[in-house]
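Below: one structure, written as structure tokens.
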Amino acid sequence: MTKTELKDRLMASVDEIEAAPDVLDRVRVGGARRLRRRRLTTLAVSTMVVLAVGGVTLTGPSLYHQLTDPPVAGVPVQNDPYGFLMKGHTRGDLAGDQNYLDQALAAWEKSHRNSGNRDRGIFDRMQGEPQVFWAGKTPGGRVAIIGQYSDLRHHDNIQLDREGVHTLVGFVADGTDGKPAVVADSYPAPGVSLTTGFVTRNTLVVLDTGKKVGWSPAREYDDSNGSSSRKYTQVQFKNGVGVVKLPENTDAKKLALHTLPAQGPSDLAIANGGVNTMGNSTPDDRLWSSDIPNDGLWPMSAGAEQLAGDARDTFTNTVGAAADPEHYMFSASLWIGYGVTANGSSVYLGEQQIDTDASRVYAVLQPAKGKAQIIGGGEPNRGAALPVQIRLPDNQGWAVAAKDATLSYRYGEGAWSATSKHALLIPHGEDVEVKVETPARTEIVVVTPS
């Protein structure tokens, strides 16, 4: 084919172009590993009509482009979220340091073979030359942010709105040897938060995408009502980047970014912080997540049998409704204690883990009439003989639990109560002790004082 014939063919009407017969098969081969905006106990329903094909969710426009608009290599796709990285000159106070820029670019090109995204094929069809969008000094050392075009194609481990040329992003910081090294890289994947920030030492660096953005050091919990939430501080951008010096002892895996005002799950992510530290699986921090006896349903008192059928749903739904609405995911309790207090109120006991936070324990107190109340017990004392102890309000006693243990209680030097396995509801009294018996040992525990 001559150059003229090739040009004529490329200029042909799209009416002559047919979708490949295997296009839906290729759509089904999605990068399910990237679809992490999921819930273990709830399913968010979008108000937009979507088509779900084998784990890949396509909106109407996205599906149209998949089937009717094959891309032309070398031409960036429309609405490329990282496309702005390739426009204009290098920004930042190190923009004129050519030696540093060369080192950062060399680190970028060298990093591809060891990237966690390599098996997604994002480096297979790189286009043109990389460009340093921003280079500057931060409290955490020198930083560079690099963009480069890549012709992304469907792959065994990738998901795309459409094939074509997209902009990749690379986050560069000084390594332990003082030389530039790539901290993380990313590509625009549909259905997940856009990675716009990364952490280097004591500093959070955030890309300016033209939106008002807030950052949060950690989720806050209120044990008085079982609620959780985040407070966001607005990121101040300059020359396309925001630099935040983090408070001392900030835990990167608890950080979060969010477009302001924050509503619902965040559309922004931190490359090496927050939920991205979960990798390809959920970091299960639940107190008891395996070998749960009796299907995880543990009666705690006489008369508890009537609560068994709804115990799991009652606890999970009540505690879940009070959880941070901006959470990414949560892990529900695999065990539920349930019982009846002296005044006839129902009590449900369990735990919940949100995102990468430590699991926390809760009691749900449901009176015969009125609204349920959540009492937070904080993080369980994992090394203790009786790791779960929650005092109930209004002198209704305590709810305690220790998996695989036989439990009983007494007041002062009085007689021991009847035993209960795994979980126990203790009526209010003075000088309460709990006997925790396991095949390995027996221990007497003084519960939270009145």
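Just so we're clear, the structure is a prediction, and the values are computed from it rather than from any experiment. One-based numbering along the sequence shown.
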Closest approach of [X] and [Y], non-hydrogen atoms and distance?
X      : Y      : result
Trp298 : Pro293 : NE1-O, 3.1 Å
Ser228 : Asp324 : OG-N, 2.8 Å
Gln131 : Gly88  : NE2-O, 2.8 Å
Leu297 : Tyr338 : C-CE2, 3.7 Å
Ala372 : Thr318 : CB-CG2, 4.3 Å
Leu392 : Ala399 : CG-N, 4.4 Å

To the nearest 0.5 Å, how far apart are [atom1] in [X] and [atom2] in [Y]?
X      : Y      : atom1 : atom2 : result
Leu246 : Leu204 : CG    : CG    : 5.5 Å
Leu424 : Gln389 : CG    : CD    : 11.0 Å
Ser346 : Leu365 : OG    : CG    : 8.5 Å
Gln366 : Tyr348 : CD    : OH    : 7.0 Å
Gln127 : Leu152 : CD    : CG    : 9.5 Å
Arg219 : Lys231 : CZ    : NZ    : 14.5 Å

Apply the test ring pair (Phe, Tyr, Trp, His ring centres under 6.0 Å) to residues Phe133 and Phe84: give CA-CA distance (whole Å), side-chain angles for both, the deciding distance (0.1 Å), then the verdict.
CA-CA 9 Å; Phe133 171 75; Phe84 67 93; 5.5 Å; yes
Using 4.0 Å as the upper bound for N to carboxylate O, is an ion pair formed by [Y] and [X]?
X      : Y      : answer
Asp295 : Arg312 : no
Lys211 : Asp267 : yes
Asp284 : Arg286 : yes
Asp174 : Arg142 : yes

Is there side-chain contact between [X] and [Y], with at least one heavy-atom pair below 4.5 Å?
X      : Y      : answer
Leu207 : Val169 : yes
Thr195 : Tyr82  : yes
Met126 : His112 : yes
Leu407 : Lys421 : no
Asn225 : Ile374 : no
Ser150 : Phe123 : no
Asn202 : Thr250 : no
Thr138 : Arg201 : no

In this structure, are over 12 heavy atoms from other groups packed under 6.0 Å from [X] atom [atom1]?
X      : atom1 : result
Asp310 : CG    : no
Asn381 : CG    : yes
Asp177 : CG    : yes

Can you spot which of Val206, Val244, Leu194 makes a side-chain contact (heavy atoms from CB on, under 4.5 Å) with Leu257?
Val206
Is a donor on one side and an acceptor on the other found under 3.5 Å between the side chain of [X] and the backbone of [Y]?
X      : Y      : result
Thr356 : Lys253 : yes
Thr314 : Ala311 : no
Gln236 : Gly242 : no
Thr200 : Ala173 : no

Going by distance alone, is a donor N or O of one side chain under 3.5 Å from an acceptor N or O of the other, for Glu351 and Trp335?
yes
So Glu220 and Ser229, side-chain hydrogen bond (donor to acceptor under 3.5 Å, both in side chains) or not? Walk me through it.
CA-CA 5 Å; Glu220 298 178 3; Ser229 61; 5.2 Å; no
I would like to know whether Asp285 and Ser359 meet side chain to side chain contact (heavy atoms under 4.5 Å, CB included); could you show each step before the answer?
CA-CA 6 Å; Asp285 187 67; Ser359 188; 4.1 Å; yes
After noting the C-alpha distance and the side-chain angles of Tyr221 and Asp357, does the key distance pass the side chain to side chain contact (heavy atoms under 4.5 Å, CB included) rule?
CA-CA 11 Å; Tyr221 291 86; Asp357 294 353; 2.7 Å; yes
Parallel, tilted or perpendicular: rings of Tyr362 and Phe315 (30°, 60°):
tilted
Geometric class of the His258/Tyr232 ring pair [parallel <30°, tilted 30-60°, perpendicular >60°]
perpendicular
Can you list the residues that meet the salt bridge (charged side-chain N to carboxylate O under 4.0 Å, His left out) rule with Arg360, with sequence neighbours excluded?
Asp223
Lys238: which residues meet the salt bridge (charged side-chain N to carboxylate O under 4.0 Å, His left out) condition with it, sequence neighbours left out?
none
Start with the C-alpha gap between Trp398 and Val388, add the side-chain angles, then the distance that decides, and say whether side chain to side chain contact (heavy atoms under 4.5 Å, CB included) holds.
CA-CA 10 Å; Trp398 293 263; Val388 178; over 6 Å; no
Could you walk me through whether Trp134 and Val143 satisfy the side chain to side chain contact (heavy atoms under 4.5 Å, CB included) test, starting with their C-alpha distance in whole Å, then the side-chain angles of each, then the deciding distance to 0.1 Å, before giving a yes or no?
CA-CA 8 Å; Trp134 188 90; Val143 163; 3.9 Å; yes
